[in-house]
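Inspection log for the structure reproduced underneath, given as structure tokens.
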Amino acid sequence: MSLIWIVVLPFSGSLCAAFLPSHARNVAAWLAGTVAVACVILTVRLYPPIAEGEVIREAVHWIPQLGLDFTFRLDGFAWLFAMLVTVMGALVVLYARYYMAAQDPVPRFFSFFLAFMGAMLGVVLSGNLIQLAVFWELTSLTSFMLIAYWYHRPDARHGARMALTVTAAGGLCLLAGVLMLGWVAGSYDLDRVLASGDLIRAHSWYVPMLILIGLGALTKSAQFPFHFWLPHAMAAPTPVSVYLHSATMVKAGVFLLVRLWPVLAGTEEWFWMIGTAGLLSLVLGAYAAVFQRDMKGVLAYSTISHLGLITLLLGLNSPLALIAAIFHIMNHATFKASLFMAAGMVDHETGTRDLSRLSGLRRAMPITATLAAVGAASMAGVPLFNGFLSKEMFFAETVFVSGHPITRIGLPAMAVVWGILSVAYSLRFILQVFFGPPAEDLPKKPHEPPRWMLFPSALLVTACLVVGMFPARTVGSYLNMASRSILGENTPFHSLAVWHGFNLPLMMSLAAMVGGILLYRALGEYQQGTTVVPLIERFDGRRIFEFMIEKLDRLAIRLLRWLSTEHLQVQMLLLIIAVFASALIPLSRGGLPVGDKPPLPVEPAFAALWLIGAVCAIAAAAQAKYHRLAALTLSGVAGLATCMTFVWFSAPDLALTQLIVEVVTLVLLLLGLRWLPPRDKSLDHETVPLPVRMRAEGRRSRDLVIAICAGIGITGLSYAILTRSAGEGISPFFIENSLPLAGGSNVINVILVDFRGFDTMGEITVLGIVALTVFALLRRFRPAAETMTVPAKQQEQDAQIGALPSDPHALLPAGPMMVPAVFVQLLLPVSGMVAIYFLLRGHNEPGGGFVAGLIVTTAVILQYLVGGTAWAESRTRIFPQYWLAAGLLCAAGAGMSAWLAARPFLSAMAWHGTLPIIGEMHLSTVLLFDLGVFFLVIGAAVLILVALAHQSRRAHRKHEIAEVETPKEVPGFPAGQGASGHASASLSLPVASTAPTDYAPMEAGRQKLPHVSPPKERED
Amino acid sequence: MEAIYALAIGVLTASGVWLVLRPRTFQVIMGLSLLSYSVNLFIFGMGRLMIGGAPIIETAAKADPSLYDDPVPQALVLTAIVIGFAMTALFLVVLLASRGLTGNDHVDGDPEA
């Protein structure tokens, strides 16, 4: 299982690091270091079987039915790459520990770092193409986090976004490509795919597959024309650049090209696509590197160039070139990482990376200078360093390319040009920074970095030297193993040696050396003053990228404007028409045949009921604009008719619930009426210009037609269904098993609390959420300006009866509500009894938690209506939030109690037995569940209603404050104390004196919000 | 009876649809309320109409499904009624908030738009 651990360990480490406090720098570094070293050890331990040529496979089954497994696969090449990722990871952790400042949130860095490492190892070890694509995107995501680590810097955010856009888009192309690849090969398993190379190359999808996979690889490896993201990613902390942008992530692209080389390579298309991209990156990257002023900029363009070299080698379709490419992947990682580390150390110790400011650091930082010089020599391809070996192999390969004269002569020529440019920028990198007179105006006084910061770089540089001098003895066998795992039996003979005699490649190397030195001399002063790259400055990938992103943005906005609307009326219209159209499709085929079920005999009372109901519904529709109270009453009558219908057709539970919900909804809407604007008479028919009126009439007629059509349609549909016999459904099960299985004779209640208890659980949760949302919304409520005063009707009434100051602590409220207050107080215990009765009998008779809860709510809200908020709350304080919580806990507890008996969640547990004195008893968790529903309904409904009722208090208070011009109010003693106000027909509730704890008093500052002008009614 | 029942649903739907298409928030809330009556009746009707068959099993008799009204639509409608109440409450508060923020009661918050 160690393969899986190699991938899982970094991710778990990442999770641990994420929870460390942000100053735990050392703990995080130790954690990351331990994980990295553990991964190295795990990988090393797998070497013996791999060296034998074995391929290790491990799979974790996920959904075997669909053939979805996590497959991990390790062969020689993957082993080499995994070593690269883990060893580099360990070194970078050590380096980063000293590089990161104490004030940086270092655990976050290591958390992302480890996640990246895990993703990278996932790419390397994936044995399944889709899994590989997933890990591939994960590397893009984590690298985004790492580049944007210093997210307060705009360049970091910008660079990270660009890198993510380019590489993630490439990753999507890759996904499409591997999906096609898997389809053609008949499996997404890497082994199966690698075995079907001939099939794939001959397939008609070959070119699209190649393009898609190529896009994925080229974007990731920052190859032309997608190279522009890499220099901008240099805004990342230097350890990130070391790890991601030299050693690992950018190598993922070439890793994939090597991985799929046996399947995709060997064709003209491959040569032209991969080879051309590689060649252009090789030369353009090196050319741009010569003119960079930022040390990391030089290294970034150099990385593009060296990755171009690897890509070009892979594009040459020759097994020897493939071996050279693998070798250069390793070599480049070692010398480039050490150079990035050197650049970071210079930056860390001097405060700048600007080549035109740095000079003569060799005296202050001799060790850093030596290490950097060795790295740069390897980068330039100087003999006895490892870069030289792979460069020679590359030169040799270009020489042996056959074919068209342009490629035969052009390729070696380009290679020499590249060599010259690399020597020039490597020279400049070293000479500029470390030689010459010591710089005077550096932000910090330079000195040697800490020993352990130098250590990783020193180790890498040693590797450069040792491999450069004794290649066959050090890396020969590993390289051979890696190549063999890709090429199999076709692995050609190759020798790693420093000296191959005086041959053409050596000549080319010498020419490049001399040319490079001459170029450096010739450019000399010119480089110092310039920041632009001559000739190609105009073809700036970044500008094109930004231009395209902006165009895309604009297009999206235009498309959205064209396709969607912000007007609710239009949306509703489209919605209704869409429903209509979809209903018409089946009807247009089969018509709407009426069934032959014998109809029930018509009862005149029922007809009369619905005559009234229908008239009221239509009247409500007509009156809702100007006569809201009337419309509310009329629609209430329609609701009552509905309720009666439920009674009529054997649904007592529905009737009960509907009746009480009707009452509560009515109260709710009445409370809301107070805040709606009055009719604006100035916009009545006479004054509105004729065209506007005509348009409004047109809209109304159109809507009327739609409404009538909808009514006719649903009438027809209902009639057709009602006259047919019911189909065989699941209902008989519930009726037959309600008593034997659930022990309840009210089937509806049994369904709600037992058979489908989980639905009810969800439903009451929704109810609780709605109540809390209502509460939260109302806390921020800003009443409109003209609703601030006591309503006119109430003022009139107060004037008639003589406004008495209401005392909330009085036994009964003063004024006309005194007598009703006696009744509602008496009603409270009675309604409590009734509620408990309905709750307890619910399982066997109509009733249940919903009904019982709403009964209590009605009784409570009556106290508020009659006595006023202050009076009611000076007596009983209901804390709806506790009821909500108790309800949910009760219901969930009832559900979980089934676990005690090892039964599934919400299984009903019943106990039946005899108790002394009381007699026979039947207890069930179902009752507990229904009790939860009961509590929750009380909590939710009371919370909603009371929150609304409190709004008028707030408005009054605000009004009072505005009048007396007191800027502040003491919480708990609102300024409205003692003000007049009685409950009136409009239900604006009296001013309170006891401030409830759960409603935040209005801040005085909020009054300064600009009041909007009084609203106007408009013709619709 | 079926015809009356169907007509009742139709009238409620027509009134509801007309109101839902109006520009004032209160009209829309009334429309939704009427629509929810009609939808509840419609769902309830899926169990067919039956008189005197409330699904409350008499303990003695063996439960015969043909003697009782279909309980499933009833259970669904019961849930729908409660959720409808929650929806009305939420919509009312959104309405009030929009009224307070925009100063008018147009569904788009801006009568001129």
Side-chain angles (χ1 to χ4, degrees), chain A residues 567-568 572 599-600 602 607 610 614 617-618 621 624 628 631 635 642 649-652 654 657-658 661 665 672 675-677 703 707-708 710-711 714-715 718-719 722-723 726 731-732 734-736 738-739 745-748 751-752 763 767 770 774 777 781-784 850 944 1012 1015 1018 1020, chain B residues 1-2 4 6-15 17-24 26-27 30 33-34 37 41-42 45 48-50 53-57 59 63 65 68-72 74-75 77-79 81-82 85-86 88-90 92-93 96-97 99-100 103-105 107-108 111:
Chain A
H567 299 297
L568 185 76
M572 290 304 236
L600 296 170
V602 175
W610 272 108
I618 295 167
R628 297 186 187 115
S635 112
T642 309
F649 297 114
S650 339
L654 292 193
T657 315
Q658 175 80 52
V661 164
T665 310
W675 307 104
L676 292 172
D703 293 350
I708 290 172
I714 196 95
T715 305
S718 312
Y719 188 70
L722 290 172
T723 48
S731 312
F734 293 120
I735 291 180
E736 279 160 8
S738 175
L739 257 184
S745 46
N746 181 0
V747 185
I748 306 302
I751 291 177
L752 285 180
E763 185 194 355
L767 203 59
V770 167
V774 165
L777 276 171
F781 178 57
R782 295 169 193 165
F850 279 119
I944 293 170
V1012 277
R1018 196 188 59 140
D1020 51 336
Chain B
M1 289 295 259
E2 277 83 356
I4 299 168
L7 276 171
I9 295 177
V11 171
L12 287 172
T13 307
S15 317
V17 166
W18 196 76
L19 278 177
V20 163
L21 292 172
R22 297 300 88 215
R24 303 282 147 206
F26 186 75
Q27 290 175 309
M30 290 316 309
S33 169
L34 290 175
Y37 294 146
L41 283 175
F42 184 75
R48 309 303 182 269
L49 303 183
M50 185 186 237
I56 291 161
I57 315 288
T59 319
Y68 300 101
D69 194 31
D70 191 343
V72 175
Q74 290 201 23
V77 172
L78 195 76
T79 309
I81 291 172
V82 178
F85 164 71
T88 309
L90 189 62
L92 179 74
V93 173
L96 294 181
R99 157 85 175 111
N104 63 68
D105 68 340
V107 286
D108 295 331

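Letters go in sequence order (proteins before strands), and every chain restarts at 1. What you are looking at is a predicted structure, and each value in this text was computed from that prediction instead of being measured.
- Annotation: maximal heavy-atom pairing with chain A below 4.5 Å, among Leu7(B), Leu21(B), Thr13(B), occurs at Leu21(B).
- The contact between Met50(B) and chain A is made by backbone and side chain atoms together, counting heavy-atom distances below 4.5 Å.
- The choice from Ala607(A), Ala624(A), Ala631(A) that makes the most heavy-atom pairs within less than 4.5 Å of chain B is Ala624(A).
- When all heavy atoms of Pro55(B) and Ser650(A) are compared, the closest pair comes out as CD-O, 3.5 Å.
- Chain B forms more heavy-atom pairs under 4.5 Å with one residue of Val747(A), Val770(A), Leu722(A) than with any other, namely Leu722(A).
- Between chain B and the options Leu752(A), Ile944(A), Ile751(A), Thr715(A), heavy-atom pairs under 4.5 Å are most frequent for Thr715(A).
- No donor-acceptor distance shorter than 3.5 angstrom exists from the side chain of Gln74(B) to the backbone of Ala54(B), with no hydrogens or angles considered.
- By the 4.5 Å heavy-atom criterion applied to side chains, Pro652(A) and Ile56(B) are counted as neighbours.
- Here Arg24(B) pairs with Asp105(B) in a salt bridge; the nearest charged N to carboxylate O distance falls below 4.0 Å.
- Counting heavy-atom pairs closer than 4.5 Å to chain A, the top residue among Ser33(B), Gly45(B), Ala86(B) is Ala86(B).
- Under the 4.5 Å side-chain criterion, counting only non-hydrogen atoms from C-beta, Thr723(A) is not in contact with Pro599(A).
- Under the side chain to side chain contact (heavy atoms under 4.5 Å, CB included) criterion, Val11(B) pairs with Ala614(A), Ala617(A), Ile618(A), Ser15(B), sequence neighbours left out.
- In this structure, the portions of Leu90(B) lying under 4.5 Å from any heavy atom of chain A include both its backbone and its side chain.
- For chain B, the nearby parts of Leu654(A) are the backbone and the side chain; heavy atoms of each come within less than 4.5 Å.
- Within the 4.5 Å cutoff, the side chain of Phe649(A) has no heavy atoms near those of the Asp69(B) side chain.
- When heavy atoms are compared at a cutoff of 4.5 Å, Ile9(B) approaches chain A by way of both its backbone and its side chain.
- Residue contact with chain A, scored on non-hydrogen atoms closer than 4.5 Å, involves the backbone and the side chain of Thr79(B) alike.
- Proximity to chain B (any heavy atom under 4.5 Å) is shown, for Tyr719(A), by both the backbone and the side chain.
- Looking at Leu19(B), only its side chain comes within 4.5 Å of chain A, counting heavy atoms on both sides.
- In terms of non-hydrogen atom pairs under 4.5 Å with chain B, the most contact-rich of Ala710(A), Gly672(A), Ala726(A), Pro732(A) is Ala726(A).
- Under the rule for a side chain to side chain donor-acceptor pair (under 3.5 Å), the partners of Tyr37(B) that lie at least two apart in sequence or sit in another chain are Glu662(A).
- Of all heavy-atom pairs between Trp675(A) and Arg99(B), the closest is O-NE, 2.8 Å.
- In this structure, the portions of Leu600(A) lying under 4.5 Å from any heavy atom of chain B include both its backbone and its side chain.
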